[in-house]
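One structure is given below, encoded as structure tokens.
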Amino acid sequence: MTLDTVKHAAETPESGQPWKELGLKEDEYARIREILGRRPTGAELAMYSVMWSEHCSYKSSKVHLKQFGEKAPQTDALLVGIGENAGVVDVGQGYAVTFKIESHNHPSYIEPYQGAATGVGGIVRDILAMGARPVAVMDPLRFGAADHPDTKRVLPGVVAGVGGYGNCLGLPNIGGEVVFDPCYQGNPLVNALCVGVMKHEDIHLAQASGAGNKVILYGARTGGDGIGGVSVLASETFDSTGPSRRPAVQVGDPFQEKLLIECTLEIFREQLVAGIQDLGGAGLSCATSELASAGSGGMRVELDTVPLRDATLSPEEILMSESQERMCAIVEPDKVDRFLEICEKWDVIATVIGEVTEGSRLEIFWHGEQIVDVPPRSVAHEGPTYHRPYARPDWQDTLQADDAGRLPRPADSAELRAQVLTLVGSPNQASKSWVTDQYDRFVQGNTVLAQPEDSGVVRIDADTDLGVALATDGNGRYAKLDPYTGAQLALAEAYRNVAATGAKPLAVSDCLNFGSPEDPAVMWQFAEATRGLADGCLALGTPVTGGNVSLYNQTGDAAIHPTPVVAVLGVIDDVNRRTPMAFGEQGQLILLLGE
Amino acid sequence: MARVVVDVMLKPEILDPQGQAVQRALPRLGFAGISDVRQGKRFELEVEGPVDDAALARIREMAETFLANTVIEDFDVKVES
Amino acid sequence: MARVVVDVMLKPEILDPQGQAVQRALPRLGFAGISDVRQGKRFELEVEGPVDDAALARIREMAETFLANTVIEDFDVKVES
Amino acid sequence: MTARIGVVTFPGTLDDRDTQRAIGIAGAEAVPLWHRDKDLKQVDAVVLPGGFSYGDYLRAGAISRFSPVMGSIVEQANAGMPVLGICNGFQVLCEAHLLPGAMLRNTGLHFVCRDQKLRVETAATAWTADYAAGEEISIPLKNIDGRYTADERTLDDLEAEGRVVFRYRDVNPNGSLRDIAGISNAAGNVVGLMPHPEHAVEPLIGTGRTDGLAFFTSVIKKLVSA
Ligand SMILES: Nc1ncnc2c1ncn2[C@@H]1O[C@H](COP(=O)(O)OP(=O)(O)O)[C@@H](O)[C@H]1O
């Protein structure tokens, strides 16, 4: 097979391309041709297809997400806002905290252990890439009915995966949720949050600047796993195998990630990087185009230099591979040696794969031939935008009319007793310690509060006892009844949980789990929930600093309940003053606040 | 009583962190000449009754649906003599 | 390139909760007639050069000192044909 | 004089920084040791902290045991230097044959994280002198490969020689034989246990108990008076 070079593509404009199989729409393919002034090469098509997928481009959601910026409350606390890997919040004493919540729903249904494990791994690298030491994780989870046989397959794997990865990384798990509802039967929600701490001056951004600076890929070798994962995620069916026979599931290596964390933090300490990006969905396609797009110049990459686990991979596959535990750094030439030395110290493979150029194009070469020549912004930041139709579903009124007032009341004390027992015995109310006892909450020696507390609290400075508090909440049933108010209730609950520990709530991250955006009813839920959350954040004075959207959580026509999961971060100047949840001593008064 | 062995290995294209860690350690321990290590699971099943085609078919089904996750793993069923 | 397989199993007198968990699950999944399950590890080593007696002796030593902990495990080395 | 206690970092060690902090709180100087260095920097004692060195791949502790630093530690331990292995460190000590027996997957097959009650069976080791024999303490436990196993004879010998240092109370969290949570070598200078004393040294943190502090004060007193 001849290599599909840029030159070849220019000479063979009519050659047919699998844009459809790669998940692109006809007009999107046409736009790529227009941007390039020719047909894309196979490698370019691979890059555009993954980067313009729903998962990477937020094409259905971004018109709504804009509100988080437009309605952002006035605050001095935000050092880095939406758009970077994660937002950064000033918590005083020269410290900054970055946190973000992400989903790994579809992979966790296919392979629960690895899906959940790599979900934790991915969010931890996001936090690391901002320059922060990750200090804790949380895991809001949703499963189908507790007694459904498939829940018995999915739940133990997910919990073991979250624990297996997080425990091995040495990140205390300080909270989360376990919710059962039949609507999540074929679409469990595995959301993962990570929080990290740094000094203000350590903040790093994902950008490639300074012509001549080197592009270094470090961490695990690139393999054939997860190729097409992004396209599969973006499509509503699991059986679309895409262009390749490679599996869409990745296996995580938490040990490699732990080395990556320590190695990267040492590199930060010596100020060796000018820009940095983690490799997640869309792998190298994403990292190179985002770094180049956010920077000042262009970038040139020699793809042959990428260390491979499987020598048979094609250049397209190398660009799309989602192999885990990899990072990409931009390093000044005179700092490269020291950079590689630190990687060697931590047994981390590191390779110079290219450099920042004077130009404005992202150019990728394979065996000396040019296979990619694109404006990086067109790949990373100027993907399609959809204004999908949305409409309040006609069943919404019926649903709302069916309120609790219509339920039968217990007739006598025996019935009341039975109802109370049913309630407290339900899996959603029961203690979650059978899950949380599988997570290490003590590691790092800074955990002030963790499960079963309303929010987790970690100390971030052992000398001054400065700390942060975090809570995540969400309620799909409320959100289904009224997505606008449901999102606000989730926000309010997380806000209260943080405030109740004695911390001052500062900022919000959110994970928006919804059904198919092609369904106007789902799109309406999404529009309402984002509007509700944005209005709520404005009212409470806590900006949204970042988050994640997971769409297509549905089986056939049946979507999950709209499930915005909201995380609130607060600061507590002295963790000695934290308030635990339990009653204190005998004789203390119990007060009820609020209506 | 007969013994049937089910070997479950990660598919070749899937990352095997354990095998990799073992392989990387070998040279340090003074063992050269091993170019790759893969680590998998071995199940030894004691089967009551005859291990005929029907029994083997059942065990294969068990391996496929339970002992291995065929999204990431291959398996192999052998009767031990 | 030849493949050598090292099987490592817990010694018979050592409790194997993983194997037991598998065995207990089988009837629930509709698989009857398996009276015992033991779960162990399988290592597939790709050996550069000939697998002669000297090479096998080295691999046996590697199994004894590294791949298996002989306080709790037995091992078996086989050349794959 | 201030005692100098080394804390080893293997690739994948997690509790090295907590252990250093605990040593500082107890009043000694913590000295970081790196797995690739033979040099023990003239420390007076060594702690092998918890974590997942080499990902616990193959077996917990199996790969770390072969690191250069372990060669020096085995040598010094045999010469009487106090060595404490916590969790993964305990596993390394068993794999290195400084302590007898082996650690297996928990009988429940899950990772277990809990506030664990222990009985201190003997104060006659370098690391337990500040406890009273029979004293009960509670410190965090967190592991998935914590089932202590040895053959009957080894177990009988350990009991007879007073080398069972800690036993689980109330709950045996991992199926360890004879409820053993920690043991020592014959000389009492090398101790290994699964639960984590370094996570129980500050009233505000973790379980809010400081029952683990005496591990470190025990060895410091011994070193300073030596
Ligand atoms: N998946 C999970 N991971 C970590 N912690 C969890 C998880 N699920 C629940 N928790 C923790 O368990 C405790 C009880 O949870 P839950 O019953 O949902 O409490 P509440 O209803 O008060 O929010 C909380 O501290 C919560 O953070």
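Here is how names work: the chains are called A, B, and so on, in the same order as the sequence lines, proteins then strands, and each is numbered from 1.
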Next on the checklist: If you apply the rule side-chain hydrogen bond (donor to acceptor under 3.5 Å, both in side chains), what do you find for A/T118 with A/Q324, and how did you get there?
Outcome noted: CA-CA 7 Å; A/T118 53; A/Q324 301 289 297; 4.7 Å; no

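- Per-residue counts of heavy-atom pairs under 4.5 Å with chain A were compared for D/D16, D/L204, D/D56; the largest is that of D/L204.
- For chain A, the nearby part of D/E202 is the side chain; its heavy atoms alone come within less than 4.5 Å.
- No other option in A/D465, A/V159, A/L259, A/N576 has as many heavy-atom pairs under 4.5 Å with chain D as A/N576.
- A donor-acceptor contact closer than 3.5 angstrom is absent between the side chains of A/D347 and D/Y54.
- Using a 4.0 Å cut-off between a side-chain N of Lys or Arg and a carboxylate O of Asp or Glu, A/D437 and A/R441 qualify as a salt bridge.
- By the 30° and 60° cut-offs, the orientation of the rings of D/Y57 relative to A/F255 is perpendicular.
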### Task
Verify side-chain hydrogen bond (donor to acceptor under 3.5 Å, both in side chains) between A/Q451 and A/Y439, making sure each step is shown before the conclusion.
CA-CA 10 Å; A/Q451 42 275 42; A/Y439 302 151; over 6 Å; no

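- Between the CZ atom of D/R169 and the NZ atom of D/K117 there is a distance of 7.0 Å, given to the nearest 0.5 Å.
- Residues of residues 23-30 of chain D lying under 4.5 angstrom from chain A, judged on non-hydrogen atoms, do not exist here.
- The contact between D/T207 and chain A is made by backbone and side chain atoms together, counting heavy-atom distances below 4.5 Å.
- Seen from the ring of A/Y95, A/K199 counts as a face-on cation partner, given the 6.0 Å and 45° thresholds.
- For A/L169, the part sitting under 4.5 Å from any heavy atom of chain D is the backbone (N, CA, C, O) and nothing else.
- Comparing A/P172, A/C168, A/G170, A/S433 by how many heavy-atom pairs each has under 4.5 Å with chain D, the most go to A/C168.
- Your options are A/L171, A/T447, A/V448, A/D440, and the one with the most heavy-atom pairs under 4.5 Å with chain D is A/D440.
- Ion pairing of A/E262 with A/K258 is present here, as a side-chain N (NZ or NE/NH1/NH2) and a carboxylate O approach within less than 4.0 Å.
- Among the candidates D/R114, D/H110, D/R36, the residue making the largest number of heavy-atom pairs closer than 4.5 Å to chain A is D/R36.
- No more than 12 heavy-atom neighbours from other residues, nucleotides or ligands sit within 6.0 angstrom of NZ on D/K38.
- Separating the CZ atom in D/R105 from the CD1 atom in D/I144 is a distance of 4.0 Å, to the nearest 0.5 Å.
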